[in-house]
Amino acid sequence: MTTIGAPDAIRHIDIAEAARCIVRADRILVVGCSGGGKSTLSQKIATRFGLDYISVDRDILWLPGWVQRERGEQRRIIERLISAERWIMDGTNPSTFDIRVPRSDLVIWVRMPRYVNVWGILSRWIRHIGRTRPEMAAGCRERMDFEFFRFVWTWEKAFSGRVTNGLLQHGQGTPVLTLKSRRQMRDLLDLLDARA
């Protein structure tokens with residue numbers, strides 16, 4: 001179901017239509033707050049449909065020891081990675097929507113409630129304490145501090161407008177699925193036969 005509105009409106013689709021898009025898609029962008037389940041969802045879709053899994057955190061943003069790559073280098077890496085024919089990319093960074101969204105066949109916005117995101121970051125911290133998660137750059141051991149907690153707690157207020165504006169500006173015609181609950185995520189994976 002496509003939202004009817006002004007020509008510059010985001011083309012929102014429902015879960016059933018998104019599942020049909022994913023089956024045909026070569027390039028999918030998954031965005032949203034930390035802890036919402038972007039990486040898990042992306043990896044399951046990648047495995048099910050043979051897409052290369054790209055983690056912005058692991059492959060683009062971070063160097064060992066939680067050192068951020070220089071922005072120009074990040075952009076060059078993104079340009080190289082999105083030139084591939086088949087991929088699913090997990091990571092928000094609206095400042096690069098101008099090159100990533102137009103190249104995507106579908107955008108999935110994992111937009112969970114704040115308490116779900118907080119539970120997500122706390123539970124993965126407990127699971128990976130002292131170790132590096134598979135979707136994180138080498139040498140970036142799982143950590144939890146007040147700054148990161150505050151980032152997640154305030155993400156919706158601080159970043160959702162940037163995501164919306166980026167999709168409006170660079171996503172003309174690109175379908176967008178917004179997932180607002182774990183149940184919706186499970187329903188999508190069930191339709192794709194990708195829950196395992």
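Please read these numbers as outputs of a predicted model, since none were measured by experiment.
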Exercise. Of all heavy-atom pairs between Leu177 and Leu106, which one has the smallest distance, and what is that distance?
Worked result: N-CD1, 4.4 Å
Exercise. Ser123 side chain to Gly120 main-chain N or O, any donor-acceptor pair under 3.5 Å?
Worked result: yes
Problem set entry | Shared hydrophobic cluster, Val67 / Ile77 (ILVMFWY, side-chain heavy atoms < 4.5 Å) | no
Exercise. Do side-chain atoms of Thr47 reach the backbone of Lys44 as a donor and acceptor pair under 3.5 angstrom?
Worked result: no
For this session: Count the heavy atoms of every other residue, nucleotide or ligand shown that sit under 6.0 Å from CZ of Arg141, and state whether that count exceeds 12.
Result: no
Problem set entry | Validation row: Phe97, Val107 side chains within 4.5 angstrom (heavy atoms) | no
Exercise. Is there a donor-acceptor contact under 3.5 Å from the side chain of Thr92 to the main chain of Gly32?
Worked result: yes
Exercise. For Trp119, does the CH2 atom have more than 12 heavy-atom neighbours from other residues, nucleotides or ligands under 6.0 Å away?
Worked result: no
Exercise. Can any side-chain N or O of Arg133 pair as donor or acceptor with the backbone N or O of His128 at less than 3.5 Å?
Worked result: no
Exercise. Quick one: does Ile108's side chain get under 4.5 Å of Ile45's, heavy atoms only?
Worked result: yes
Problem set entry | SB check Arg114 Glu156 (cutoff 4.0 Å) | no
Seminar exercise, completed: Tested for salt bridge (Lys or Arg N to Asp or Glu O under 4.0 Å) against Glu73, the lone hit among Arg69, Arg75, Arg71 is Arg69
Exercise. Is there side-chain contact between Gln68 and Leu61, with heavy atoms separated by less than 4.5 Å?
Worked result: yes
For this session: Might you work through the side-chain contact (heavy atoms from CB on, under 4.5 Å) test for Arg20 and Ile13, ending with a clear yes or no?
Result: CA-CA 11 Å; Arg20 291 190 295 273; Ile13 61 174; over 6 Å; no
Exercise. Is a side-chain N or O of Asp26 found less than 3.5 angstrom from the main chain of Glu85, in a donor-acceptor match?
Worked result: no
Problem set entry | NZ/NE/NH1/NH2 to OD/OE distance under 4.0 Å, Arg58 and Asp90 | no
Exercise. Between Arg182 (side chain) and Gly36 (backbone), is there a donor-acceptor pair under 3.5 Å?
Worked result: yes
Exercise. Looking only at heavy atoms, which two atoms of Ser104 and Arg100 are closest? And how far apart?
Worked result: OG-O, 2.8 Å
For this session: Indicate the atoms forming the closest heavy-atom contact of Gln172 with Leu168, along with that distance.
Result: NE2-O, 2.5 Å
For this session: Check whether any side-chain heavy atom of Thr40 lies under 4.5 Å from a side-chain heavy atom of Met185, and answer yes or no.
Result: no
Exercise. What are the two closest non-hydrogen atoms of Gly37 and Val110, and how far apart are they?
Worked result: N-CG1, 4.4 Å
Problem set entry | Heavy-atom donor-acceptor pair, Trp87 side chain to Leu29 backbone, under 3.5 Å | no
Exercise. Which class fits the ring pair Phe151 and Phe148: parallel under 30°, tilted 30 to 60°, perpendicular over 60°?
Worked result: parallel
Problem set entry | Side-chain heavy atoms of Glu70 within contact of Arg76, under 4.5 Å | yes
Exercise. Do Ile28 and Ile22 come within less than 4.5 Å of each other through their side chains, counting heavy atoms only?
Worked result: yes
Problem set entry | Heavy-atom donor-acceptor pair, Lys38 side chain to Val30 backbone, under 3.5 Å | no
Problem set entry | Distance (rounded to the nearest 0.5 Å) between Ile15 CD1 and Asp187 CG | 5.5 Å
For this session: Could you please spell out the steps behind the side-chain contact (heavy atoms from CB on, under 4.5 Å) verdict for Leu41 and Leu179?
Result: CA-CA 11 Å; Leu41 177 68; Leu179 295 173; 3.9 Å; yes
Exercise. Can you get from Leu81 to Leu63 by hopping between Ile, Leu, Val, Met, Phe, Trp and Tyr side chains that sit under 4.5 Å apart?
Worked result: no
Exercise. What heavy-atom pair brings Ser34 and Arg124 nearest, and what distance separates the two atoms?
Worked result: CB-NH2, 4.0 Å
Exercise. Tell me, do Arg111 and Trp155 make a side-chain contact under 4.5 Å, heavy atoms counted?
Worked result: no
Exercise. Same cluster or not: are Leu122 and Phe146 linked, directly or through other Ile, Leu, Val, Met, Phe, Trp or Tyr residues, by side-chain heavy atoms under 4.5 angstrom apart?
Worked result: no
Problem set entry | Evaluation steps, side-chain contact (heavy atoms from CB on, under 4.5 Å), between Ile82 and Arg27 | CA-CA 8 Å; Ile82 65 172; Arg27 294 171 299 278; over 6 Å; no
Problem set entry | Flag side-chain contact, heavy atom, 4.5 Å: Asp105 against Cys21 | no
Exercise. If you look at every heavy atom in Tyr53 and Glu135, which pair is closest and at what distance?
Worked result: OH-CB, 3.5 Å
Problem set entry | From CA spacing to verdict: side-chain contact (heavy atoms from CB on, under 4.5 Å), Val163, Trp109 | CA-CA 9 Å; Val163 171; Trp109 186 351; 3.6 Å; yes
